[in-house]
Amino acid sequence: MSANQAPISAPLPASNAGERRRANAYDVEAIRRDFPILRELIHGKPLVYLDNANTTQKPELVIEAEAGFYRHDCSNIHRAVYLLGERATEAYEGARRKAQAFINAAHEYEIIFTRGTTEAINLVASSFSRMTLQPGDEVLITGMEHHSNIVPWQLACESTGAKLRVVPITNEGEIVLEDFERSMNARTKLVSVVHVSNALGTINPVKTIVEMAHNRGIPVLVDGAQSTPHQPIDVQALGCDFFALSSHKMYGPTGIGVLYGRGELLEKMPPYQGGGDMISSVTFEKTLYNDLPYKFEAGTPNIAGTVAFGAAIDYLTTIGMDRVAAHEATLLEHARRLFDGMKGIRIIGAARERGGVFSFMLDGVHPHDVATLLDAEGIAVRAGHHCAQPVMDRFGVPATTRASFGLYNTTAEIDALADGIEKVKEMFR
Ligand code: C6P
């Protein structure tokens, strides 16, 4: 134990964790013991980590899976005939099957590994657009998108002459479905919409949006960066054509994520990048491309990260996403009771359906000062525009302070946040 760590009982071995979860009700203290960083002291105080929308902390078994790959199985994939190569390939492809099961994709080949949500959206914006968009066509997004679901479409529109169209959001931070319906027309070639807003917490009715778009024959991409870590995802039930997610928001490593795509669309789409592994044969005259999913996975990927992402999926599956969702709903309810009606605070975003994201402004205090003062209390929250500048513009603020919850947070930590906010208010009185 380092000098920066608070003494707590040792984590149970990973092999016991599953048994423990199945046997017991949601045991947040046992879950916390799986995360070594939660024993860190920050400025001498216990860490209260409330920046889960930004990235999540990693359980011991994910850290061990990544280290274990390098210790025992390190080799490149899909090309070595020796045993290590076989083990590495099996571990990598095993993670693909885990991701497939986790989001209930119909086929393994519909899971494309990318660096994360951003690259997954860029892949579609680049490849699907080259195949589809003509001058005058439209791509439809909403006013609450992350920059990762805006800029790739601006680039695609610039290179094809298509137009980006935006469905506005209300003062509550919701989209009005009738506006959505009205914004689609014969030129709309793709709808790309965030499932859960990282800046407002709004949960969008993506199943309904998919139905509305499909009635007009328009495919739909769902940005699932902020939904996948918090609720069960079933891409077949949602009916979407593409779904993007990031491992690092799901208690897995950075630099790995997934683009789910419906097989028949992926089959038709041209490659995104060229290089090793995405080919079946190359001559100077002509290259034939590999089958799915490899057609979209050029070059040596983040193998160890992918294997550890598989371990993170196992971890979430063992706990159960429905139980994660139920736990986080109690956190949200607790936070609502504390913050709704608190003096001197303005909550940005009041959607009826929302996840565990609290964006707020304190009267007369800059969000960065709020976050810095909370850090002195050991509380980690994010301040800034959250890569959603159009949302900030919509609400007339330059930035917000944002607390976002994860599966290991407790109501006591939300109380600590409320106490911290009171202290900040006191200092600026
Ligand atoms: N939002 C946040 O603090 P990447 O970086 O590719 O893993 O995820 C990008 C992304 C895409 N869509 C949404 C809705 C997101 O929230 C994010 C990442 C982080 O809110 C970092 S800006």
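Just so you know, ligand 1 is whichever comes first in the structure, and atom 1 is the first atom listed for that ligand.
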From the options N198, V194, T117, I256, select the one whose nearest heavy atom is closest to atom 20 (O) of ligand 1.
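That would be N198.
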H385, K249, H248, R115: member with heavy atom nearest to atom 18 (C) of ligand 1:
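Nearest option to atom 18 (C) of ligand 1, by heavy atoms: K249.
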Should [X] and [Y] count as an ion pair when the cut-off is N to O under 4.0 Å?
| X | Y | result |
| --- | --- | --- |
| K98 | D314 | yes |
| E138 | R165 | yes |
| R97 | E90 | yes |
| E426 | K423 | no |
| E93 | R96 | yes |
| K45 | E40 | no |

For ligand 1, which atoms have a heavy atom of [X] less than 4.0 angstrom away?
| X | result |
| --- | --- |
| A225 | 11 (C), 12 (N), 13 (C), 15 (C) |
| S148 | 9 (C), 11 (C) |
| C387 | 22 (S) |
| A53 | 2 (C), 3 (O), 19 (C), 20 (O) |

Distance to 0.1 Å, residue and atom name: give those for the protein heavy atom nearest to [atom].
| atom | answer |
| --- | --- |
| atom 15 (C) of ligand 1 | H146 CD2, 3.3 Å |
| atom 16 (O) of ligand 1 | Q226 NE2, 2.7 Å |
| atom 6 (O) of ligand 1 | T118 OG1, 2.5 Å |

Go through Y251 and Y408 one step at a time and tell me if the ring-ring contact (aromatic ring centres under 6.0 Å, His included) criterion holds.
CA-CA 11 Å; Y251 311 94; Y408 37 57; 5.6 Å; yes
Given 3.5 Å as the limit, does a donor-acceptor pair link the side chain of K425 with the main chain of D363, or not?
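Pair absent, no side-chain N/O of K425 close to backbone of D363.
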Region of [X] that comes within reach of ligand 1 [heavy atoms, distance under 4.0 Å]:
| X | answer |
| --- | --- |
| R382 | side chain |
| D223 | side chain |
| R402 | side chain |

For S246, is at least one N or O under 3.5 Å away from an N or O on ligand 1?
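Checking ligand 1 against S246, an N or O pair does fall under 3.5 Å apart.
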Does an N or O from E119, backbone or side chain, lie closer than 3.5 Å to an N or O of ligand 1?
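There is no such contact.
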Measure from NZ or CZ of R354 to the centre of the six-membered ring of F358 and say whether it is under 6.0 Å with the direction within 45° of the ring axis.
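Yes, cation above the ring, under 6.0 Å and within 45°.
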